[in-house]
Amino acid sequence: MDLKQRIFTYILYIAGVAVVVFYGISQYRQWEEACSGIPDVVSSISVNNYHYLTVIANCKKIDDKEAFARKIIDMCQQNAFRSVKFSTDVNGYPSGLDINVYLKNNDIENNKPVCKIKFVTDEYGGDYDIRNDAAWYHLYLDGEEISVLQSNDIES
């Protein structure tokens, strides 16, 4: 091989390594986000200010579903999801929540939700919202009511 062919071969080799590295970095970032453990909303439908959400847990499994349900409700009350923000300027906060939870984005099409969360009042369509009137709400996990407060949240 002459000098020009060697230089061209080295340039192709370096370009190939750079492509592989940049592709690997982008795939690592996608994997890191999918395994971050930070829940996120991927779908939101609002009917009469009652919100139906699809949440991705971004983890392999949920060890404590009750604590996870409380965390999701808290994130809804704080409007703290990364990809979806409730529009609170016109209608305020939601009057009720119906949430399907999946572990990963790929699970939505192929699997049942790992859990279903509801945060509702006894009175449908009342003038309550999940943030300012939380005391009126009941939290349901897979159809069973659970306490909204954790035992360590209650002061003696």
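These numbers come from a predicted model, not from an experiment. Only this structure's heavy atoms are used, side chains among them; waters, hydrogens and symmetry mates stay out.
Under a hydrophobic-cluster definition in which Ile, Leu, Val, Met, Phe, Trp and Tyr are linked whenever side-chain heavy atoms come within less than 4.5 Å, directly or via other members, Val19 and Ile11 are assigned to different clusters. Residues Ile146 and Trp136 share a single hydrophobic cluster, defined by chaining ILVMFWY side chains whose heavy atoms lie under 4.5 Å apart. Neither Tyr140 nor Tyr102 shares a network with the other; the hydrophobic side chains, linked directly or stepwise wherever heavy atoms of I, L, V, M, F, W or Y lie under 4.5 Å apart, form separate groups for each.
For the residue pair Lys65 and Cys115, the shortest heavy atom distance occurs at CD-CB, 4.2 Å. Scanning all heavy atoms of the two residues, the minimum distance from Gly92 to Asn49 falls at O-OD1, 4.3 Å.
Taking the side chain as every heavy atom from C-beta outward, Phe119 and Pro94 never approach each other to under 4.5 Å. Residues Asp133 and Tyr93 are not in side-chain contact: their nearest non-hydrogen atoms beyond the backbone lie 4.5 Å or more apart. Contact check for Pro113 versus Val101: no side-chain heavy atoms found under the 4.5 Å cut-off. With a 4.5 Å cut-off on side-chain heavy atoms, Asp107 and Asn105 do not count as touching. At least one side-chain heavy atom of Ile108 sits under 4.5 Å from a side-chain heavy atom of Ile56. For the pair Ser43/Leu53, no side-chain contact is recorded, criterion being any heavy-atom separation below 4.5 Å from C-beta on. The shortest side-chain heavy-atom distance between Ile62 and Val114 falls under the 4.5 Å cut-off. Contact annotation: the side chain of Ile130 never approaches that of Ile73 to less than 4.5 Å [non-hydrogen atoms, C-beta and beyond].
For Lys112, the salt bridge (charged side-chain N to carboxylate O under 4.0 Å, His left out) criterion is met by no residue, not counting sequence neighbours. In this view, Val17 and Tyr13, Val21 satisfy the side chain to side chain contact (heavy atoms under 4.5 Å, CB included) rule, not counting sequence neighbours.
Here the CG-CD distance, from Leu97 to Gln77, works out to 8.5 Å after rounding to the nearest 0.5 Å. One finds the CZ atom of Arg131 at 12.0 Å from the SG atom of Cys76 (value rounded to the nearest 0.5 Å). Distance check: Glu66 CD to Glu144 CD gives 9.0 Å after rounding to the nearest 0.5 Å. Note that OG of Ser147 is 6.0 Å distant from CZ of Arg70, once rounded to the nearest 0.5 Å. Here CD1 of Ile45 is found 10.5 Å from CG of Asp98. Values are rounded to the nearest 0.5 Å.
Using modelled atom types, no side-chain atom of Asp129 and backbone atom of Ser95 make a donor-acceptor pair closer than 3.5 Å. Within the 3.5 Å criterion, the main-chain N or O of Phe81 finds no donor-acceptor partner in the side chain of Asp40. Lys116 places no side-chain N or O within donor-acceptor distance of the main-chain N or O of Ile99, the cut-off being under 3.5 Å.
Hydrophobic cluster membership of Leu12, counting Ile, Leu, Val, Met, Phe, Trp and Tyr whose side-chain heavy atoms lie under 4.5 Å apart directly or via other members: Phe8.
Ring pair Tyr137/Tyr128 is perpendicular by interplanar angle, where above 60° counts as perpendicular and below 30° as parallel.
With hydrogens and angles left out, the side-chain atoms of His138 and Asp122 include a donor and acceptor closer than 3.5 Å. Side chains of Thr54 and Asn100: a donor-acceptor N/O pair is absent below 3.5 angstrom, by distance only.
Taking a 6.0 Å sphere around CD of Gln78, one finds it holds more than 12 heavy atoms contributed by other residues, nucleotides or ligands.
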